[in-house]
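Reminder, nothing fancy here: chain letters follow the sequence lines and each chain counts from 1. Only this structure's heavy atoms are used, side chains among them; waters, hydrogens and symmetry mates stay out.
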Amino acid sequence: MNAIKKVAARACVISAGVVFYSQSAWALLPIEHWAEPSGAQVWLVQSPALPMVDVQIDFDAGSRRDPPREAGLASAAATMITKGVRAVGDAPAIDENALGEAWADLGASFGAGADSDALSFSLRSLTDPPLLARAAQLASRQIGQPAWPEDIWQRERARWSAAIRESDTRPGTVAGKAFAKAVYGSHPYGQRATAETLSRIEVAELRAYAQRHVQACRARVSIVGAVSRPQAKTLVSTLLAHLPSGAPCTAPPAVPAVQQPLAKAEEIKIPFQSAQAYVLVGQPGFKRSDPDFLALLVGNHILGGGGFTSRLTEEVREKRGLSYSVYSQFAPGLNAGAFSVSLQTRPDQAAEALKVSRAVLERFVAQGPTENELKAAKDNLIGGFALRIDSNRKLLGNVVNIATNDLPLDYLEGWTDRVAALTVADVRAAMARKLQPERMVTVVLGAQP
Amino acid sequence: MVAQAVAPSQFTLANGMQLIVQPDRRAPTAVHMVWLRVGSIDEIDGVSGVAHVLEHMMFKGSEKLAPGEFSRRVAALGGQENAFTSRDYTGYYQQIPANKLEDVMRLESDRFAHNQWPDDEFKRELEVVKEERRMRTEDQPRALLSEQLNAAAFIASPYHRPIVGWMSDLDAMTPDDARAFYRQWYVPGNAVIVVAGDVDPQQVLALAQKTYGAISARAVPTRKPRTEPPQIGMRRIEVKAPADQAYVALAYRAPSLQSLTEPTASDRDALALLLLSGVLSGYDGARLERGLAQGPNRVADTASSGASVFGRGPSQFFLSGVPATGKTAAQVEAALRAEVARVAKDGVSQAELSRVKTQWIASRVYDRDSLQNQASELGSNWVQGLPLDAEDRLLTLLRGVQPSEVQSVAQRYFADDQLTVATLLPQPVAAGTRKRPAADAGGAIH
C-alpha cells in the first residue's frame, strides 16, 4: 500500500475558518504509508524543522495477551529486552550498563514497554547521519538479539514485586484494582501483575513471548522527524533487521470481548485509613473502532473531561469545594476499555461527593448536553485542533493512533469537520447507547460517616 | 531544511513589566505565560500556602469577569490553560491558536490588574486546596518525608515551609490574607510575560503595550533576606507513615548558581555539582545504580541524586534510595555516601563526564520540540535573575568543567555537618485497614 495524505495544516485552516495571524504558512505535513518487504507497515511524517527523529514500533502484544496466571508477562518481556544484547557472530554481547553508556554517548534514548494493547519500542535520536546510523544499529540489536540474562530477571522480578507491595499500601491503587476487577470480570483488561503471577514467569516464557509476537511482519512503525523517505526506509530495515520475518505471518489469536453491559449495579465499600476517600463509578465502555468514538469524546469532554469547564468539575469542585480533582474518562482500546468517574475527597464527604457525581452522570446520560454546552465543546476542540499536532511528540502520538487502530490516513484531515457535524441528539444517543448508570460499579474506599 | 533557533527578544514596558518573545514558526500555535517573582519563599509564618491559594483565586473573577468565566473564555478560544506555584515563582499559561494571542493577553492582563471575588468563593476554593494537600502530601509517604526534610534542613529560610502550606495555616487563612498578598506582589515590575510560538516579536510588543502596558506601575516590595544560618552539625529525622518500603533521603547544603555571565568560584562549584549528579545517576547504569542496585549483594531497589542549585533560596544536593528487600535504610545511606566518597578519593573519568555533557547538548535540541518547554525555561530563568541566553551560557560553562573540579566538589560539600538525613519508617497496613501512626492522630492532619 502506498498513499500520501495531507494532514494537520489543511485540516486546521478549513475547520477554523480563519486567516492566521502571522504571515508564515504552516508547512503541510503529509503522512506517508507503505509496507516493507518484511511485511512491516510504516507511517512517516517528515518534520524537517528540528534535527531529530522519533520512532515508535508497536506490536499487538500488550498485556491483554498475558495468561491470567502470568499477568505481567508482556511488561516483563519489554523490560528484559532492554537489559542486554547477546553475542551473534562477530558482534559482541552488550550488557545493560554498556547499553546505558552507549545511549548516553549518542545523546539518544531507547526504551521498551507494554500497555494493555501494545508492546512498544521507542527511539529518539538526533538526525546527524553517523549518530543516527549508530543509534539505529544499537536499537536493532536490542530489538532482535536480546540476551535474556537470568540473574537480571531475578533482580527485576524482586524489584517489581517490592514495588507492587508498596503500591498496594496506597488508597488509589487499592481502589483502582477493585474497580478494574469489578468492571472487567475475567477479561485480561482487569488483570494486574502480582508477586504471585510474576513468580510463575521464567526467562523461557519471556523469550517465547517475544519470539511469538515481536516479528517484523507484525510491526507497525511510526516515524516523525527530519528524515526523508529513503532515510526512513533505511532506518526501518535496520531496526527490524534481526527479527524473524515470520513468513507466513500469522495473526495473533483474537482476544475475547469485554462482557458488557454489566448484569447489575455493584457497590464495593472498602475500609481504609487515609486522608482522602477514593470514589470510582463506571462500567465497560467501548472499543476504539466504535463508530460513536467522536460523539463520545465530545460527550465526555462536556461531562468530565474538559479541564475547568466540565459539568463534574463545576458541580463537585467549583460549586461545592469537595475535590481537587474530579473527572470522567473513557479508555477505548482494541477491546472495550472502562468508562470511569473518579474523585478524591475528605473521608466524611465521600457520600455527598458520590451523590452529586451520580446525579450529574444520570442527568447527562438521560438528557445529553445543552446546545450551549455542545457549542462550547466544539469551540474548544475545533479551535484548539492545532494544539494537538504542534510538536513532533504530539504528531507521533497521532500517527501511532492511526497506525495501531487501523484509522484512515486522512483521519486528522477530516477530524474537525466530523466534530462540527455532531448534534446534541448524536451526543445524547451515543452516551445513552454506551452508559447504563443503573448498572455501574461503584467503589468507595476509606469513607467515614 | 533544518531551522536554526531564532533568538528570543526581551522588552521592558513603561510600567516596568518585562516581555520575552520566542518565535517558533513550526505550527500556528502559541503559548502565553505570565511569571511572577513571588512564591512560597515570599510568605511569612502563619499564612503559609497563600501564594498557591491566590493562584487558585486568580481563576475566580475580576471587575469584568464572573467566577469561572476566565476559563470558559479560554476554552471558547480553543485554548488549554493552567497555573503553577513553586517556592520561587507563580505562573499562569494558556496554549492557544496563535491568532488568539491578543484575546488571552487581554484576559490575563485584566485579572493581573483587577482580580476580585466574593468571600464565599474563597471559602469553597480553600477546601479544594486542602483536598489538594491531602492528595499530594498526606497520602504520599515520600512527599510527607520531603516536607519534613525541608522543615528540618531549613530554619530561617522560608524554604522551611511547604509550598501548599501547613494544614493549620490553611484552616486559618482568610480572604483578606489572599487579597493582601495579591496587592503586595502582583505589580508589573515583579512579572514577565513570555510568549513562544508562531508570532512576531514587534507585534507581540504592541499587544503587550496595549494590554499589560495599561497597568499602573507600583513599587516592588522590598524582600527581607531571611538568610539561612550556617549548618553546624548533622540533623537526622525519622518519619513514620503507612508504607511497605523504607526510604532514605540525604540533603547536603550546596552553593547556588548566581551568575552565568561572571561566574564566581562558588558558581563553578554549583556547575560541578550538576555534573556530579549526572555522573552519579544521569543515565541508565550510572554509578549509583551500578553500586547500589545491581549484583548479588545489592542494597537498593532504586537510588538517585539531584543537584538543586537554581533557586532564590538556599541550595541542596540530594541523595536518596529505596532499600532492597531484606536491606535497611541505614545500609542504603552508607552506600550512597560511599559512592560520593569514591568520587572524592578517585575522581571521575573523562568518558563519564563527556557522556553527561553529550546528553545535555542533545537535550537542548529535544527541548525545542515543545513550545511549553521553551517558554518555561525563559520564564524560570528570568525569575532566577539569569540572562536571556542562560541555557546556552549554561551549556558552554558545563562543557568546560573538568574531572578534577567534580572530584573537588565531592571532597568539599559532603561533610556530615552540612547534612540532613530523613528516614521513612514504614508502618504496617493490616487487613485493608491501616492505622495512622500515633504521632499524627492528634496533629494537623485531618
Worksheet item: Does a side chain donor of either B:Gln245 or B:Arg142 reach within less than 3.5 Å of an acceptor in the other side chain?
Response: yes
Worksheet item: CZ of A:Arg317 to CD of B:Glu127: how many Å apart, nearest 0.5 Å?
Response: 12.5 Å
Discussion item. What's the separation between atom CG in B:Asp301 and atom CG in B:Leu292, rounded to the nearest 0.5 Å?
Written reply: 11.0 Å
Fill in: Basic-acidic side-chain contact under 4.0 Å: A:Glu314, A:Arg311
no
Worksheet entry | Short N-O contact, B:Lys130 and B:Asp171, less than 4.0 angstrom | yes
Fill in: chain A contacts, top residue of B:Ala30, B:Gly78, B:Ser363 (heavy-atom pairs, under 4.5 Å)
B:Gly78
Worksheet item: Is chain A contacted by the side chain of B:Arg364, its backbone, both, or neither, given a heavy-atom distance below 4.5 Å?
Response: neither
Discussion item. With a 4.0 Å cut-off on N to O distance, would you call B:Arg368 and B:Asp24 a salt bridge?
Written reply: no
Practice prompt. Pick one of side chain, backbone, both or neither for A:Asp105, based on which atoms fall under 4.5 Å of a heavy atom in chain B.
Written response: both
Discussion item. Do A:Asn97 and B:Gln294 pair up side chain to side chain, a donor and an acceptor below 3.5 Å, judged on atom types alone?
Written reply: yes
Practice prompt. Please state whether the side chain, the backbone, both or neither of B:Leu371 comes within less than 4.5 Å of a heavy atom of chain A.
Written response: side chain
Worksheet, complete the sentence: Sorted by chain and number, sequence neighbours left out, side-chain hydrogen bond (donor to acceptor under 3.5 Å, both in side chains) with B:Ser354 holds for none
Discussion item. Heavy-atom cut-off 4.5 Å, strictly under: side chain, backbone, both or neither for B:Ser71 against chain A?
Written reply: both
Practice prompt. Please flag which part of A:Thr345 lies under 4.5 Å from any non-hydrogen atom of chain B: side chain, backbone, both or neither.
Written response: both
Worksheet item: Taking every heavy-atom pair that is under 4.5 Å apart, which of B:Ala286, B:Ala293, B:Pro67 has the most such pairs with chain A?
Response: B:Ala293
Practice prompt. Please round to the nearest 0.5 Å and tell me the distance separating atom CG of A:Asp390 and atom CG of B:Asp198.
Written response: 10.5 Å
Fill in: Side chain / backbone / both / neither for B:Ala75 at chain A, heavy atoms under 4.5 Å
both
Discussion item. Looking only at heavy atoms and a cut-off of under 4.5 Å, which of B:Pro141, B:Gly197, B:Gly68 has the most pairs with chain A?
Written reply: B:Pro141
Fill in: Parallel, tilted or perpendicular, as decided by the 30° and 60° cut-offs, for the rings of B:Phe59 and B:Phe70
perpendicular
Item to complete: Against chain B, label A:Leu322 side chain, backbone, both or neither, depending on which of its atoms sit under 4.5 Å from a heavy atom there.
Response: backbone
Worksheet item: What do the steps show when you test A:Leu381 against A:Trp415 for side chain to side chain contact (heavy atoms under 4.5 Å, CB included), and what is the final call?
Response: CA-CA 10 Å; A:Leu381 293 167; A:Trp415 194 87; 4.1 Å; yes
Worksheet item: Given a strict heavy-atom distance threshold of 4.5 Å, which part of B:Gln80 is in contact with chain A: side chain, backbone, both, or neither?
Response: both
Practice prompt. May I ask you to decide if the ring planes of A:Trp153 and A:Trp160 are parallel, tilted or perpendicular, using 30° and 60° as cut-offs?
Written response: perpendicular
Response to the item:
Sequence neighbours excluded, the answer for side-chain hydrogen bond (donor to acceptor under 3.5 Å, both in side chains) partners of B:Arg72 is B:Glu69
Practice prompt. Find the one option among A:Gly172, A:Ser323, A:Gly446, A:Ala376 whose heavy-atom pairs under 4.5 Å with chain B are most numerous.
Written response: A:Ser323
Item to complete: Report the option among A:Asp348, A:Thr309, A:Asn392 that has the most heavy-atom pairs separated by less than 4.5 Å from atoms of chain B.
Response: A:Asn392
Fill in: Region of B:Glu125 in contact with chain A, defined by heavy-atom distances below 4.5 Å
side chain
Worksheet item: chain A: which of B:Gln359, B:Gln140, B:Glu132 shares the most heavy-atom pairs with it under 4.5 Å?
Response: B:Glu132
Worksheet entry | Between A:Gly107, A:Ala104, A:Ser325, the one whose heavy-atom pairs under 4.5 Å with chain B are most numerous | A:Ala104
Worksheet item: Who wins among B:Lys123, B:Arg136, B:Glu121 for the most heavy-atom pairs under 4.5 Å with chain A?
Response: B:Arg136
Worksheet item: Can a salt bridge be assigned to the pair B:Asp120 and B:Arg124 using a cut-off of 4.0 Å between side-chain N and carboxylate O?
Response: yes
Discussion item. I'd like to know which of A:Arg124, A:Lys378, A:Lys375 tops the heavy-atom pair count under 4.5 Å against chain B.
Written reply: A:Arg124
Discussion item. Between B:Lys60 and chain A, with a heavy-atom cut-off of 4.5 Å, which part of the residue counts as in contact: side chain, backbone, both or neither?
Written reply: side chain
Worksheet item: Between B:Tyr366 and chain A, which part of the residue has a heavy atom less than 4.5 Å away: side chain, backbone, both or neither?
Response: both
Discussion item. So for A:Arg320, is it side chain, backbone, both, or neither that comes closer than 4.5 Å to the heavy atoms of chain B?
Written reply: backbone
Discussion item. Among B:Ile361, B:Val365, B:Val31, B:Val356, which residue has the highest count of heavy-atom pairs closer than 4.5 Å to chain A?
Written reply: B:Val365
Practice prompt. Report the distance from atom CG of B:Asn297 to atom NZ of B:Lys327, rounding to the nearest 0.5 Å.
Written response: 6.0 Å
Worksheet item: Given a strict heavy-atom distance threshold of 4.5 Å, which part of A:Gln154 is in contact with chain B: side chain, backbone, both, or neither?
Response: neither
Worksheet entry | Residue A:Ala377 versus chain B: region with a heavy atom under 4.5 Å | neither
Discussion item. If we define contacts as heavy-atom pairs under 4.5 Å, which of A:Gln344, A:Glu101, A:Glu96 has the most with chain B?
Written reply: A:Glu101
